[in-house]
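Report on the structure given below.
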Amino acid sequence: MITDIFEDKNAYDCYVREKFGIFVPIIYDSCNLSEQYEYPYYEIIIDFNDNSEKIHNYRAVITSPNISHKRKGSKRCYIILIEKEYFESRYRMYNNEIPKYKEYEFDFCSDILKTLNTFIFEYSKSMRNSEVTLDAQTEIVTHWIIRSLFGETLDMRAVASDYSVARAQHYMEQHYMEHITVKKLTEIVCMSETTLNRRFKKETGITPIEYLIDVRIKMAKLMLKRMDIPITEVALNCGFGNTSHFSSCFIKKVKVSPREYRNRWAE
């Protein structure tokens, strides 16, 4: 059983199904980050004590089964263990080759924590037919971990209930590399600039242009991890008119320059 790998079960809140388990340290000293660990499961640690980039993402770290490693993160974290065959069967839906991960860091959208907490709540309440919904939430979390490994992060705050706003969002997600203005968006959704700005901000908390910049920065971060793409090319491919504007927006959002961000991933 997944729970058997923890020597001091009293130090964790444990929510475990056959193929999937969430463990939350309740005695912080129990999460000793200097010790070596090796599990027969995929281990994903989501550190919710460090949200330094401020784009609704947390740092997550994944290690493959049977690889000795140190836990990388703060003592305020979720530890997720996923059964090897189950995880890899889902991974193969995206890519046939499954890499070996050892303390591999990736961005994990904070909003998926809502699904983790829903899993925990339903598990604790033992609601009728909970085994069905818990399995469904296991599927959702597993798929979003895998998608996040490929750089696809989900931001629930970006999912608008207003169709006009959602249509504008979808257009920006698909055409972020092009020259987009609020006027262009108003033509797509058939409403005035004032109405679009008001509805968009009500739904997402930000303006359409701020949303567009967030999308462009997200895509730039993916491109910067590829060392073969010059930074100037990254800027232009993501819709920024020049590297100066790109660097300014990137520093404002990520708190480091594009070059510094690339160097971190090259270490």
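- A donor-acceptor contact under 3.5 angstrom links the side chains of T133 and E122, judged on distance only.
- Salt bridge annotation for K19-D135: absent, with no cationic side-chain nitrogen under 4.0 angstrom from a carboxylate oxygen.
- Between E187 and K183 there is a salt bridge, since at least one side-chain N of the basic residue sits less than 4.0 Å from a carboxylate O of the acidic one.
- I145 pairs in a side chain to side chain contact (heavy atoms under 4.5 Å, CB included) with only one of the listed residues (I140, I46, I82, I112), which is I82.
- For the 3.5 Å distance criterion, the side chains of T195 and S192 qualify, holding a donor opposite an acceptor.
- Contacts of K184 classified as side chain to side chain donor-acceptor pair (under 3.5 Å), with partners at least two apart in sequence or in another chain: none.
- When ring centroids are compared, F20 and F119 come within the 6.0 Å threshold.
- Panel note: side chain R167, backbone V189; no donor-acceptor pair is recorded below 3.5 Å.
- Between the side chain of S64 and the backbone N or O of Y101 there is at least one donor-acceptor pair closer than 3.5 Å.
- Between K218 and E173, at least one side-chain nitrogen of the basic residue sits less than 4.0 Å from a carboxylate oxygen of the acidic one, meeting the salt-bridge criterion.
- No side-chain donor from either of E83 and Y42 sits under 3.5 Å from a side-chain acceptor of the other.
- Ionic pairing of R264 and E260 is not present here: no N-O contact between side-chain nitrogen and carboxylate oxygen is shorter than 4.0 angstrom.
- A donor-acceptor contact closer than 3.5 angstrom links the side chains of R147 and Y94.
- A tilted orientation is assigned to the rings of Y91 and F150, their planes being inclined by 30° to 60°.
- Side-chain contact of N117 with Y78: a donor-acceptor pair under 3.5 Å is present, judged by distance alone.
- With respect to the salt-bridge test (charged N to carboxylate O, under 4.0 angstrom), the residues R90 and E139 qualify.
- Residue pairs meeting the side-chain hydrogen bond (donor to acceptor under 3.5 Å, both in side chains) criterion with at least one partner in residues 226-247, sequence neighbours excluded, are R226-D228.
- When L134, I22, D13, T115 are each tested for a side chain to side chain contact (heavy atoms under 4.5 Å, CB included) with I120, only one passes: I22.
- Partners of Y104 according to the side chain to side chain donor-acceptor pair (under 3.5 Å) rule, which considers only residues two or more places apart in sequence or in another chain, do not exist here.
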